[in-house]
Amino acid sequence: AHPEAVAAAGKVTHDTGVANAGAAAVAMVISCGVAGGAFEEAIGPAVEAARSASHFGQAHHDNRLAEKLLCAVGIARVHAGNEAAALDALVAEIGTGVATEESVPAAFGVAALAPADAWRAPGIAAGLGGDTATIAALAGARLGASLRLPPLPAEAVATHRRAIEPPRHPGVRKRRR
């Protein structure tokens, strides 16, 4: 995840140092996962990507996101074995709002709580409050990128597919793929 490329891609809508930092951190942590790296191995490169990308856009040189990423992962480590305490601390110290400096670090914290379970992490995030959809999507995408095993529960996937299947007029046939 090259910071210049990340900044250029988001220039129209996200041209601030903190937004570029968040986008670069997410791109890096997922890229590391796709390359086969474990979540723990991706934290350092993601923090460095955030620091580098913070130099682009309006209000640049803002390293607060990189520091909050480290803080969120640290919270999960300190409270390992006590998920409720970790979640309380994430909400209190990081936040779960729509601001990049809250949602991205919160996603890292959630992923650190369930680094081997791409199904569980979004479920944890869903109960946080705030920007749960973004936090769950980021944590789930990161873990899903590297874990690839086991697949999501078949019953849950079937339920999801039924829920999103658009209604069809009786005379319309399903398109073949």
Side-chain angles (χ1 to χ4, degrees), residues 1 3 6-7 9-34 39-40 42-43 45-47 49-54 56-60 62-80 82-147 152 156-157 159-160 163-164:
V6 170
K11 188 170 180 85
V12 174
T13 58
H14 294 77
D15 192 27
T16 66
V18 70
N20 289 327
V26 169
M28 181 58 78
V29 80
I30 291 174
S31 293
C32 287
V34 169
F39 177 70
E40 285 292 323
I43 295 167
V47 169
R51 285 186 178 131
S52 295
S54 72
F56 297 93
Q58 313 279 333
H60 59 302
D62 183 347
N63 282 327
R64 72 185 143 157
L65 187 104
E67 299 313 313
K68 286 187 90 169
L69 292 173
L70 292 171
C71 181
V73 172
I75 288 169
R77 288 176 180 156
V78 166
H79 295 286
N82 188 345
E83 187 176 291
L87 295 175
D88 286 345
L90 279 172
V91 170
E93 296 178 40
I94 301 299
T96 58
V98 298
T100 301
E101 61 268 24
E102 291 187 15
S103 61
V104 173
F108 273 62
V110 167
L113 287 172
D117 195 339
W119 178 249
R120 180 153 168 62
I124 293 169
L128 282 176
D131 192 8
T132 58
T134 299
I135 297 166
L138 294 177
R142 168 49 187 112
L143 297 175
S146 64
L147 296 174
L152 299 177
V157 172
T159 299
H160 175 73
I164 64 168

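This is a predicted model, so every value here is computed, not measured.
Remark: N82 pairs with A84, A85 by the side-chain contact (heavy atoms from CB on, under 4.5 Å) rule, at least two apart or across chains. Looking at residues two or more places apart in sequence or on another chain, you find a side-chain contact (heavy atoms from CB on, under 4.5 Å) between A50 and A21, A25, L65, A66, L69. With sequence neighbours excluded, no residue satisfies side-chain contact (heavy atoms from CB on, under 4.5 Å) with V78. With sequence neighbours left out, the side-chain contact (heavy atoms from CB on, under 4.5 Å) criterion links A42 to V29, C32, R142. When the side-chain hydrogen bond (donor to acceptor under 3.5 Å, both in side chains) test is applied to R64, the partners found at least two apart in sequence or on another chain are D62, E101. With sequence neighbours excluded, no residue forms a side-chain hydrogen bond (donor to acceptor under 3.5 Å, both in side chains) with E93.
Screening residues 69-79 for side-chain hydrogen bond (donor to acceptor under 3.5 Å, both in side chains), with sequence neighbours left out, gives E40-R77. Residue pairs meeting the side-chain hydrogen bond (donor to acceptor under 3.5 Å, both in side chains) criterion with at least one member in residues 111-138, sequence neighbours excluded: E83-R120, D131-T134.
Judged purely by atom type and a 3.5 angstrom limit, S52 has no side-chain atom pairing as donor or acceptor with the backbone of A49.
Interatomic distance, CD1 of I94 versus CG of L87, reported as 12.5 Å (0.5 Å rounding). Remark: M28 CE to I43 CD1 distance equals 13.5 Å, nearest 0.5 Å.
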Considering only distance and modelled atom types, tabulate donor-acceptor pairs under 3.5 Å from the side chains of residues 102-109, sequence neighbours left out.
residue	atom	partner	partner atom	Å
E102	OE1	T96	N	3.2
E102	OE1	G97	N	2.6
S103	OG	A99	O	3.4

